[in-house]
Amino acid sequence: MLFRYYYLAAGYTTHGVKIPEIPIIYLALRIGKYIARGPAIIDTGFDGGIYPNIELIKLLRGVKPIEVVEFETPFYGASEFEVYEVNAYLYYKYRYLDLGKAKVYVPTHPELLIDEVIIGREILNKLKITLNPHYKLVEVEFTQ
C-alpha cells in the first residue's frame, strides 16, 4: 500500500526570500469519542511521537496523562511534557491506516505551544518514507 502526500507551501520571509516547502503526512488521531485529522510535519529531529498544536491539546481535556517526561528543546533546554496515549492512523483519500497506539507530548509551559502538529521518530521509524523534493512529494509505503 502506497500513500502519497504533497509538500505544503511555506510562503516567504519578511525579506521576500522563499521558505522551502514542508514535507507532511496526514494523520488521524482517535481521542475518546473524537477523531482529529490533519497535516503533520515530518520532523526526524523530534524524538517523540506527536507534538500537538493547541486544537489537539483541547481534545485531550479531561484525559489523564500516562506519564510526565523531560525533553530538550532548542531555546528552553530541558522542558516538562505530559504524555498521552491515543490511537493513531495515517489518513489518505478517506482511508485510515492503523498505526496503533501513539504518544502525544504536551508541553506544560505555554511558551512551547506551536501552531502545527509535528510527527517524530517514534512513529516515523515504523514507516518506510521517501521524501522527493524534486516533485515535492512524500511517499509512505506500508506492508504487513
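Since this is a predicted model, take the numbers as computed values, not measurements.
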For Gly77, is there any backbone N or O sitting under 3.5 Å from a side-chain donor or acceptor partner on Ser79?
yes
Q | Any Lys101 side-chain heavy atom under 4.5 Å of Asn87 side chain | A | yes
Next item on the list: Please lay out, stage by stage, how Met1 and Arg95 fare under the test side chain to side chain contact (heavy atoms under 4.5 Å, CB included).
Entry: CA-CA 11 Å; Met1 190 177 312; Arg95 296 171 64 189; 3.3 Å; yes
To the nearest 0.5 Å, atom CD1 of Ile31 lies from atom CZ of Arg61 at 12.0 Å
Ile123 and Gly49 have their tightest heavy-atom pair at CD1-O, 4.0 Å
Begin from the C-alpha positions of Thr130 and Val138 and carry the test side chain to side chain contact (heavy atoms under 4.5 Å, CB included) through to its verdict. CA-CA 6 Å; Thr130 303; Val138 176; over 6 Å; no
Separation between CD1 (Ile119) and OG1 (Thr44), nearest 0.5 Å, reads 12.0 Å
On a heavy-atom basis, the closest approach of Asp98 and Ala88 is OD1-O, 3.5 Å
Taking the side chain as everything from C-beta on, heavy atoms only, tell me whether Val83 gets closer than 4.5 Å to Val68. no
Quiz item: Are Leu97 and Leu137 connected in a single hydrophobic cluster, I mean Ile/Leu/Val/Met/Phe/Trp/Tyr linked by side-chain heavy atoms less than 4.5 Å apart?
Solution: no
Could you check if a side-chain atom of Ile129 sits within less than 4.5 angstrom of a side-chain atom of Leu131, using non-hydrogen atoms only?
-> yes
### Query
Under 4.5 Å between any side-chain heavy atoms of Leu99 and Tyr89, yes or no?
no
Checklist entry - Salt-bridged, Glu21 to Lys18, with N to O below 4.0 Å? => result yes
- prompt: Salt bridge check: are Glu139 and Lys128 linked by an N-O gap of less than 4.0 Å?
  reply: no
So CG of Leu8 and NZ of Lys136: to nearest 0.5 Å the spacing works out to 12.5 Å
Checking Phe3, Tyr91, Tyr26 against Tyr96 for ring-ring contact (aromatic ring centres under 6.0 Å, His included), the one that qualifies is Tyr91
Verify same cluster id: Val86, Ile54 (apolar side-chain graph, 4.5 Å): yes
Subject >> Main-chain N/O of Ala28 paired with Arg37 side-chain donor or acceptor, under 3.5 Å >> reply: no
Exercise. Kindly indicate whether the side chain of Glu82, heavy atoms from C-beta on, has any atom under 4.5 Å from the side chain of Glu67.
Key: no
*asked:* Test side chain to side chain contact (heavy atoms under 4.5 Å, CB included) on Ile19 and Val17; report intermediate values, then the result.
replied: CA-CA 6 Å; Ile19 300 170; Val17 177; over 6 Å; no
Using only atom types and a distance under 3.5 Å, with no angle test, would you say the side chain of Thr108 pairs donor to acceptor with the backbone of Phe81? no
hydrophobic_cluster_shared for Tyr6 and Tyr92, side chain cutoff 4.5 Å = no
Greater than 12 external heavy atoms within 6.0 Å of Asp115's CG: no
Hey, mind stepping through Ile24 and Tyr7 against side chain to side chain contact (heavy atoms under 4.5 Å, CB included) and telling me if it holds? CA-CA 6 Å; Ile24 57 110; Tyr7 286 28; over 6 Å; no
Quiz item: Applying the 4.5 Å side-chain criterion to the ILVMFWY set and letting contacts propagate, would Leu113 and Tyr84 be lumped into a single cluster?
Solution: yes
May I have the step-by-step check of side-chain hydrogen bond (donor to acceptor under 3.5 Å, both in side chains) for Glu122 and Tyr105, ending in yes or no? CA-CA 11 Å; Glu122 277 182 11; Tyr105 294 83; 2.4 Å; yes
- With the side chain counted from C-beta on, respond yes when Ile25 and Val140 share a heavy-atom pair under 4.5 Å apart, and no when they do not. yes
NE2 of His109 to CD of Glu80, rounded to nearest 0.5 Å, is 6.0 Å
| said: Any non-hydrogen side-chain atom of Leu90 less than 4.5 Å from a side-chain atom of Tyr5? | reply: yes
**Asked** Would you call Val117 and Pro39 a side-chain contact if the rule is heavy atoms closer than 4.5 Å?
**Response** no
When every non-hydrogen atom of Pro52 is compared with those of Ile114, the smallest separation belongs to O-CG1, 4.0 Å
Rounding to 0.5 Å, atoms CG (Asn53) and CD1 (Ile118) come to a distance of 10.0 Å
Separation between CG (Asn132) and CZ (Arg4), nearest 0.5 Å, reads 10.0 Å
